[in-house]
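Only heavy atoms go into these numbers, but all of them, side chains included; no hydrogens, no water, no symmetry mates. The structure presented is a predicted model; accordingly, all values stated were derived computationally and were not measured. Whatever order the structure lists ligands and atoms in, that order sets their numbers, starting from 1.
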Amino acid sequence: MAVSTIYSTQALNSTHFLTSSPSSSSSKQVFFYRRQSQTNRSRFNTIITCAAQQTIVIGLAADSGCGKSTFMRRLTSVFGGAAVPPKGGNPDSNTLISDTTTVICLDDYHSLDRTGRKVNGVTALDPRANDFDLMYEQVKALKSGVAVEKPIYNHVTGLLDAPELIQPPKILVIEGLHPMFDERVRDLLDFSIYLDISNEVKFAWKIQVRF
Ligand SMILES: Nc1ncnc2c1ncn2[C@@H]1O[C@H](COP(=O)(O)OP(=O)(O)OP(=O)(O)O)[C@@H](O)[C@H]1O
Ligand SMILES: O=C(CO)[C@H](O)[C@H](O)COP(=O)(O)O
């Protein structure tokens, strides 16, 4: 598994691209190619293509409000096609689907809704508030080409909504608080990214969202 950490102190508005990263496991065929245009050597002109035998799984971890969604929108656009919510589904779905990539928000594996967390005195970061067994089963199924009925955590109501059908994509991104906490889920990742955002920047971004 290749690992990359993005530091907020380096460049707040920069995008960090995946570079050539053969998987550590010789049984997999996962390659990201990085190529720059001859005419324009700007890093925003980088093209990435990918060849793989099965669904590639990318894990993106960061604290709440640290730019996971923003980073994923940029990454999926690099992979090709606009990422949009599932058509005709729950308007509060957290999922984004593009031609090549499906982004799943791991908040959907909260085992306790907002009231349940309050009653039990735990935050969403607490492993006890998350269903890692289901997360593992469903990521494993998608990686092996099997569709799943994934739950939805509704950030508007704070409730767990009826599940949505997720088809196996070429590239699956799981983004959230804990893509690397459970060893079984971690072992399914081909590439891991951690957004290491300083508290100063994190609070500034959070205030921007809330006010
Ligand atoms: N690289 C960046 N430069 C400037 N602002 C950013 C950057 N990344 C994210 N932000 C801002 O920070 C805020 C939070 O970003 P975002 O919603 O992507 O985070 P998140 O981790 O997905 O949040 P949540 O955990 O609540 O789902 C947004 O207002 C976004 O515009
Ligand atoms: O986005 C989050 C974590 O990634 C939220 O903090 C978490 O899902 C709890 O949800 P809410 O704030 O709606 O109670």
Asks: Indicate, as side chain, backbone, both or neither, the part of C66 found under 4.0 angstrom from ligand 1 when only non-hydrogen atoms are considered.
Replies: backbone
Asks: With backbone taken as N, CA, C and O and side chain as the heavy atoms from C-beta onward, which portion of L177 lies under 4.0 Å from ligand 2: side chain, backbone, both, or neither?
Replies: side chain
Asks: Is T70 in polar range of ligand 1, meaning some N or O pair under 3.5 Å apart?
Replies: yes
Asks: Is there a donor-acceptor pair under 3.5 Å between the side chain of K143 and the backbone N or O of L188?
Replies: yes
Asks: Looking at D92, is its backbone amide N or carbonyl O close enough to the side chain of N90 to form a donor-acceptor pair, meaning the two atoms are under 3.5 Å apart?
Replies: yes
Asks: Kindly say whether the aromatic ring centers of F132 and F181 come within a distance under 6.0 Å.
Replies: yes
Asks: Have a look at H155, R74, K68 and point out the one with the heavy atom closest to atom 21 (O) of ligand 1.
Replies: K68
Asks: At less than 4.0 angstrom from any non-hydrogen atom of Y153, what atoms of ligand 2 do you find?
Replies: 8 (O), 10 (O), 11 (P), 13 (O), 14 (O)
Asks: Out of the candidates I97, V173, I174, only one should pair with T102 under the side chain to side chain contact (heavy atoms under 4.5 Å, CB included) rule; please name it.
Replies: I97
Asks: Under the 3.5 angstrom rule, does the side chain of D113 hit a backbone N or O of G116 as a donor-acceptor pair?
Replies: yes
Asks: Which residues pass the side-chain hydrogen bond (donor to acceptor under 3.5 Å, both in side chains) test with D131, sequence neighbours left out?
Replies: none
Asks: Give yes if a backbone or side-chain nitrogen or oxygen of S69 is under 3.5 Å from a nitrogen or oxygen of ligand 1, and no if not.
Replies: yes
Asks: Could you list the donor-acceptor pairs under 3.5 angstrom formed by side chains in residues 75-87, with sequence neighbours left out?
Replies:
residue	atom	partner	partner atom	Å
T76	OG1	M72	O	2.9
T76	OG1	R73	O	3.1
S77	OG	R74	O	2.7

Asks: Any luck finding a side-chain donor-acceptor pair between N130 and H178 under 3.5 Å?
Replies: no
Asks: Does D107 reach ligand 1 with a nitrogen or oxygen that is under 3.5 Å from one of the ligand's nitrogen or oxygen atoms?
Replies: no
Asks: To which of R114, R117, H155 does the heavy atom nearest atom 9 (C) of ligand 2 belong?
Replies: R117
Asks: What are the atoms of ligand 1, with element, lying closer than 4.0 Å to any heavy atom of S64?
Replies: 25 (O), 26 (O)
Asks: Which atoms of ligand 2 sit under 4.0 Å from any heavy atom of A124?
Replies: 7 (C), 9 (C)
Asks: Compute the minimum heavy-atom distance from A62 to ligand 1 and say whether it is under 4.0 Å.
Replies: no
